[in-house]
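It should be emphasised that the depicted structure is a prediction, and the values quoted were computed from it without experimental measurement. Here, residue 1 is the first one in the sequence, and each next residue gets the next number.
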Amino acid sequence: MAEDSKLWDIICDGPHVPMKKLRETGPMVPKDRKEYSDVDRKAVEKNYRAKKILVCGIGPDEYNRVSSCDSAKEIWKVLQTSHEGTTQVKQSKIDMLTTKYEVL
């Protein structure tokens, strides 16, 4: 169960990006892949697992929509938008159904 909640966190919050300081007082920048520690690799691997789970559960039409996404969070947003619509689309559907109901 703990693994499932961690993967869901990756889907909702986005992938872990290992960071390092350039200098003692410098800004934080992403590490190069060769600089990853074992802990960093495991954290980054969770995004790949989450992507795999999402992609294995969709059909070819949805796959074409999400094939260019880099993270599980991006895949989830594309799937949400394509199946639920944006907030404007949702509001339009509500307005249309309300109008139909009032006509009855």
Report summary line: The remaining residues in the hydrophobic cluster of Tyr48, counting side-chain heavy-atom contacts under 4.5 Å among Ile, Leu, Val, Met, Phe, Trp and Tyr, are Tyr36, Val44
**Report entry** Val55 reachable from Trp8 in the ILVMFWY side-chain graph, under 4.5 Å edges
**Finding:** yes
Report summary line: d(Ile58 CD1, Ile75 CD1) to nearest 0.5 Å is 7.0 Å
**Report entry** Gap between atom NE2 of His16 and atom CD of Glu45 - 0.5 Å precision
**Finding:** 12.5 Å
Report summary line: When every non-hydrogen atom of Asn47 is compared with those of Pro15, the smallest separation belongs to CG-CB, 3.7 Å
Query - Minimum side-chain heavy-atom gap Met28-Lys20 below 4.5 Å - result: no
Query raised in the report: Within a radius of less than 6.0 Å around CD of Glu35, do more than 12 heavy atoms belonging to other residues, nucleotides or ligands occur?
Result: yes
Determine all donor-acceptor pairs shorter than 3.5 Å in which one atom belongs to a side chain in residues 93-104; sequence neighbours excluded.
{"unit_1": "Asp95", "atom_1": "OD1", "unit_2": "Gln91", "atom_2": "NE2", "d": "3.0"}
{"unit_1": "Thr98", "atom_1": "OG1", "unit_2": "Ile94", "atom_2": "O", "d": "2.7"}
{"unit_1": "Thr99", "atom_1": "OG1", "unit_2": "Asp95", "atom_2": "O", "d": "2.8"}

Report summary line: Minimal heavy-atom distance between Cys69 and Lys51, with the atoms involved, is O-NZ, 3.8 Å
Requested in this report: Looking only at non-hydrogen atoms, find the nearest pair between Lys73 and Cys12 and report the distance.
Outcome: CE-O, 3.5 Å
Report summary line: The side-chain hydrogen bond (donor to acceptor under 3.5 Å, both in side chains) partners of Lys31 (sequence neighbours excluded) come to Asp40
Query raised in the report: Distance from Arg41 atom CZ to Arg33 atom CZ, nearest 0.5 Å?
Result: 7.0 Å
Query raised in the report: Which atoms form the tightest heavy-atom contact between Ile10 and Ala50, and what is the distance?
Result: CG2-CB, 4.3 Å
Query raised in the report: Got a sec: does the CG of Asp38 have more than 12 other heavy atoms crowding it under 6.0 Å?
Result: no
Report summary line: CG of Leu54 to CG of Leu79, rounded to nearest 0.5 Å, is 7.0 Å
